Amino acid sequence: MTIDRTKLRWNGWGWSAHKDGLAAREDVWSWLASELGMPALLATPARPIEDIELPAARLSEPERDGFKKIVGAEHVRDDSFERAFHALGRSYHDLLRLRAGKLASAPELIVYPRATTEVLALLAYATENGIAVVPFGGGTSVVGGVSANAGRHKSVIALDLSRMETLTAADTRSRMATSEAGIYGPALEKALYAKGLTLGHYPQSFEFSTLGGWISHRGAGQGSNGYGRVEDWLLGVKLATPQGVLETKPFPASSAGPNLTELVIGSEGAFGVITEATFRVHPIPPVSDYRGYLFRSFESGVNAIRKAVQQDLAVTMLRLSDADETRYYRAFSAVGKEPALRDRLASAYLKARNFSQAACALIAGFEGDATSVARARDRFNLIAKGAGALPLGEGQGRRWREGRFHGPYLRDPMMDRGIGVDTLETATNWTGIPALYDAVSEALRTSIAATTPGANSRGIVMCHISHAYPDGASLYFTYIFPRALDDEIGQWKSIKTAATDAIVANGGTLSHHHGVGEDHVPWMEKEKGALGIDVLRAMKATLDPKGTLNPGKLIPSAD
Ligand SMILES: Cc1cc2nc3c(=O)[nH]c(=O)nc-3n(C[C@H](O)[C@H](O)[C@H](O)COP(=O)(O)OP(=O)(O)OC[C@H]3O[C@@H](n4cnc5c(N)ncnc54)[C@H](O)[C@@H]3O)c2cc1C
């Protein structure tokens, strides 16, 4: 395995040994507490692994032996770390439960197959014995996609794909490659780089998520404008199901009826286990140019992105923060520092140029050969200039790139101090963006105010656009709030429900790239319609008639 799981946090983000400079900066956390109206920071440490409570085992010895016979005893685990690591994903809701250390459900066994044939045998054995199976990639789902839910089965196991991590083919001429699905992001890119290629799929969770997980949650990487979303790059898959293997062929295009690969994208382990995938790749871009701009308002930044994508500019990424995100990121990095002369001059210059508190930062990324990068950059400069934006240069882009995977490490120190932080995302067409933005922001602010303790406490609600299309864009909200320690799950649920209701009522999708999991199931029928849900149920009934795979995810129960 390319990643030693024992070196990862089972109840938080990333490497246990990772030391984040900000994590130890008490002045930063005290400043944040005052912004949130908290009288003081609260000590809310996580329970250590030795103290956690796990559900009792229900499988018999012969049943355990059955799994061991398929993959080998050394590839079946049941220690506390493994069970806790695989019990839930990495959403705020998951972290609350992991940190509390009282796990209502956890997989009884974690099995590590090495080949499609072993996956098929495991699924057949589990189905025959009434045991639920949760396919597990990196476990970074933020919608409850890997919750160890046994459903109506006697027990649940996690089927961990991380031993299936080989790049099996790369066709440079056709620009396509094939890999086993359990491969982590860095290992996949390393193997492709060795052949002069890249997939270019970099979700913020890149270091700890897998090819199979990206496909299953129908995700998008940070450079999706240039490299596409999963549905743009996935060509074919091998899906192991309790009924056998569904193999879809990687044609460049085909009119032989509906594309069955599409049925697998976003199937969240409920239809089968993706064991192998074939996808489009690109030559490694010789030039990467990331730079910052400051727009006068969110609206002018949104319009600039719309124009850029509608004019087909070859951009890799356009990421626009709203005024609150711009202000908070700036303030966050300035806490405890004496403003340098350069910063003071910059502030004075912005004031003189009439940039107000409504100013919004945008990072633009261009990748490719020197000519196409220069052309796209020049054209975007013109659009930005036309909107009265200020170019901030490459320094902003470089800093964003250097820190682009570090943000999630800040969740754990916040949670240690009584502060909650959660995210959600959606997408709609350009016409609907302003109303959706306003409605979700308002729902978040109101529900946070209603659920936070303390007379003066309040939330911080921030948003950015990071994926854009000719017809619309995504909206990604981050919200920070004082935790209601007497009812934390209730608080999470109230805020999530208010925001999701606002999304649905204002023409947004339940998710632009995080998926459905358990968390969005209650709203699925509103998005897909009753007939749409019947279609999904029919597919599930064909591929997994006994409901072995990932109970409770993706499809509302028919009961
Ligand atoms: C800090 C953070 C940042 C994130 N940023 C992004 C982002 O920028 N873009 C984005 O798209 N997502 C993002 N996510 C969400 C998450 O990382 C993605 O959904 C990712 O694709 C999950 O991959 P994984 O390997 O961790 O899958 P897992 O979490 O292990 O599984 C996800 C789902 O897929 C199923 N599954 C996993 N592997 C297989 C398989 N081989 N066959 C069948 N089913 C399988 C699981 O059962 C589950 O339902 C982020 C998450 C976090 C915590």
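Position 1 is the first residue of the sequence; numbering continues from there. Order of listing sets the numbers, starting from 1, for every ligand and every atom in it. All of these numbers come straight from a predicted model, not from anything done at the bench.
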Say whether [X] and ligand 1 are in contact under the criterion: heavy-atom distance to a ligand atom below 4.0 Å.
| X | answer |
| --- | --- |
| Trp13 | yes |
| Gly139 | yes |
| Gly89 | no |
| Gly221 | no |

Between [X] and [Y], is any pair of side-chain heavy atoms under 4.5 Å apart?
| X | Y | answer |
| --- | --- | --- |
| Asp322 | Tyr437 | yes |
| Ile465 | Tyr476 | no |
| Glu165 | Thr2 | yes |
| Lys238 | Ile274 | no |

For [atom], what's the nearest protein heavy-atom neighbour? Residue, atom name and distance, please.
| atom | value |
| --- | --- |
| atom 31 (O) of ligand 1 | Val146 CG1, 3.6 Å |
| atom 37 (C) of ligand 1 | Gly137 N, 3.6 Å |
| atom 29 (O) of ligand 1 | Ser141 N, 2.8 Å |
| atom 7 (C) of ligand 1 | Pro203 CB, 3.3 Å |
| atom 8 (O) of ligand 1 | Gln204 N, 2.9 Å |
| atom 9 (N) of ligand 1 | Ala220 O, 2.8 Å |
| atom 16 (C) of ligand 1 | Thr140 OG1, 3.3 Å |
| atom 1 (C) of ligand 1 | Pro408 CG, 3.3 Å |

Take a 6.0 Å sphere around CZ of Arg58 and say whether it holds more than 12 heavy atoms from other residues, nucleotides or ligands.
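Open.
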Find out whether the Lys NZ or Arg CZ of [X] is both under 6.0 angstrom from the six-membered ring centre of [Y] and within 45° of the ring's axis.
| X | Y | value |
| --- | --- | --- |
| Arg90 | Phe85 | yes |
| Arg163 | Tyr112 | no |
| Arg398 | Tyr290 | no |

For ligand 1 and [X], I'd like to know whether there is a polar contact (N/O to N/O, distance under 3.5 Å).
| X | answer |
| --- | --- |
| Thr210 | yes |
| Ser216 | yes |
| Ile274 | yes |
| Arg411 | no |
| Pro135 | yes |
| His217 | no |
| Glu268 | yes |
| Gly219 | no |
| Gly145 | yes |
| Val134 | no |

Candidates Phe208, Tyr409, Phe405 - the one meeting ring-ring contact (aromatic ring centres under 6.0 Å, His included) with Trp15:
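Testing each of Phe208, Tyr409, Phe405 against Trp15, the sole residue satisfying ring-ring contact (aromatic ring centres under 6.0 Å, His included) is Phe208.
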ring-ring contact (aromatic ring centres under 6.0 Å, His included), paired with Trp214, selected from His201, His514, His513:
His201
Can you name the atoms of ligand 1, numbered from 1 with element, that are less than 4.0 Å from a heavy atom of Gly269?
43 (C), 44 (N)
Identify, by atom number and element, the atoms of ligand 1 in contact range of Gly272, meaning under 4.0 Å from any of its heavy atoms.
43 (C)
Nearest candidate to atom 14 (N) of ligand 1, where distance is taken over non-hydrogen atoms, out of Gly185, Gly407, Ser205
Ser205
Among Leu199, Asp232, Thr316, find the residue that satisfies the side chain to side chain contact (heavy atoms under 4.5 Å, CB included) test when tested with Tyr227.
Thr316
Look at Lys493 together with Glu488 and state whether they make a salt bridge at an N to O cut-off of under 4.0 Å.
no
NZ/NE/NH1/NH2 to OD/OE distance under 4.0 Å, Asp4 and Lys7:
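Yes, Asp4 and Lys7 are salt-bridged.
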Please evaluate residues Thr44 and Arg483 with respect to the criterion side-chain contact (heavy atoms from CB on, under 4.5 Å), reporting the C-alpha separation (whole Å), side-chain torsions for both, the decisive distance (0.1 Å), and the verdict.
CA-CA 10 Å; Thr44 46; Arg483 281 161 61 186; 3.5 Å; yes
Quickly, which of Glu425, Glu527, His520 forms a side chain to side chain donor-acceptor pair (under 3.5 Å) with Ser511? Name it, please.
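Of Glu425, Glu527, His520, side chain to side chain donor-acceptor pair (under 3.5 Å) with Ser511 is met by Glu425 alone.
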Checking Ser91 now: which residues fulfil side chain to side chain contact (heavy atoms under 4.5 Å, CB included) with it, not counting sequence neighbours?
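Checked Ser91 against side chain to side chain contact (heavy atoms under 4.5 Å, CB included); matches are His93, Asp94, Val142.
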Which bit of Val142 gets closer than 4.0 Å to ligand 1, counting heavy atoms only: side chain, backbone, both or neither?
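It is the side chain that gets close, since no backbone atom is under 4.0 Å.
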Where on Asn550 is there a heavy atom closer than 4.0 Å to ligand 1, on the side chain, on the backbone, on both, or on neither?
side chain
